[in-house]
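Encoded as structure tokens, the structure appears first; notes follow it.
The residues of the chain are indexed from 1 along the displayed sequence. These values consider heavy atoms only, across backbone and side chains, with no hydrogens, waters or symmetry-generated copies.
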Amino acid sequence: VNLTDYLATMPIAEASTKPAEEQQSQQPNPKLDRYSWLIRPCSIYKEELRVCRSRAYRRHHEFVYGTPPDCSQWAVDYDNCLQQNDDRPAFEALVLSEMRRRHARLRAMTGNDVWQYRDQPPAEWNSPLPSGAAEASTVDRLTLTGADEALYSSFEQYGVLGPMSIGARMSQCTLL
């Protein structure tokens with residue numbers, strides 16, 4: 001399935017920052033039940049709201065975008081998350097908010113014209129590795145070569161490696 005076609009089939013509602021209590025006049029939408037997996041744990045919404053209201057994030061957002069961040073949607077989402085088990089409109093508002101957030105993220109990804117998206121993998125994606133690469137992948141990375149063994153023994157000689165160097169250093173300490 002093409003990503004653009006998938007985005008076109010997603011039911012996206014108009015952006016609304018109204019709490020669920022104000023949206024109760026709408027009829028329940030049973031199609032939204034299959035998107036319940038989009039809802040995050042309430043602690044995530046609370047953390048996002050805390051970060052959005054933090055001084056460091058506000059300073060960063062103003063530096064990058066020139067305006068202070070709008071944290072109202074995180075606050076509405078957190079309130080709806082707390083009410084979702086008892087209140088159907090809160091559940092639907094939370095699902096629609098997550099769908100809008102996901103849709104905006106995917107739209108930004110598909111709108112990127114720097115990379116060309118593939119419809120299928122390259123023709124030779126599963127071909128065998130060249131002989132040098134195949135041999136390198138089978139070498140045990142922990143096996144020491146002759147040069148490594150010489151270097152290791154010279155370190156041991158000067159007491160840099162091994163349990164004796166630790167014991168020797170410990171014996172030179174004086175405890176008061």
Measuring only between side-chain heavy atoms, which start at C-beta, is [X] closer than 4.5 Å to [Y]?
X: N80; Y: Y45; value: no
X: S97; Y: V76; value: no
X: D33; Y: F91; value: yes

Between [atom1] of [X] and [atom2] of [Y], what distance do you get to the nearest 0.5 Å?
X: C42; Y: D79; atom1: SG; atom2: CG; value: 10.0 Å
X: L106; Y: R101; atom1: CG; atom2: CZ; value: 13.0 Å
X: L38; Y: L96; atom1: CG; atom2: CG; value: 10.0 Å
X: E92; Y: S36; atom1: CD; atom2: OG; value: 12.0 Å
X: E124; Y: N126; atom1: CD; atom2: CG; value: 11.0 Å

Residues in side-chain hydrogen bond (donor to acceptor under 3.5 Å, both in side chains) contact with R40, at least two apart in sequence or another chain: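 For R40, the residues satisfying side-chain hydrogen bond (donor to acceptor under 3.5 Å, both in side chains) (neighbours in sequence not counted) are E98.
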Under the side-chain hydrogen bond (donor to acceptor under 3.5 Å, both in side chains) test, residues paired with E47 that sit two or more places apart: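 Partners of E47 under the side-chain hydrogen bond (donor to acceptor under 3.5 Å, both in side chains) test: R50.
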Least distance between heavy atoms, [X] atom then [Y] atom:
X: P69; Y: C52; value: CG-O, 3.9 Å
X: Y117; Y: M109; value: OH-O, 2.7 Å
X: V51; Y: S54; value: O-OG, 2.7 Å
X: P41; Y: C81; value: C-SG, 4.3 Å

Going by atom types only, do D77 and Q73 share a side-chain donor-acceptor pair under 3.5 Å?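 Yes, a side-chain donor-acceptor pair sits under 3.5 Å.
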Please list every donor-acceptor pair under 3.5 Å in which a side-chain atom of residues 55-62 meets a protein atom from a residue at least two apart or in another chain.
from	atom 1	to	atom 2	distance (Å)
H61	ND1	T67	O	2.8

Full working for side-chain contact (heavy atoms from CB on, under 4.5 Å) between Q120 and W125: CA-CA 10 Å; Q120 57 189 7; W125 72 272; over 6 Å; no
Cluster check W37, I44: I/L/V/M/F/W/Y, side chain < 4.5 angstrom: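 Different hydrophobic clusters.
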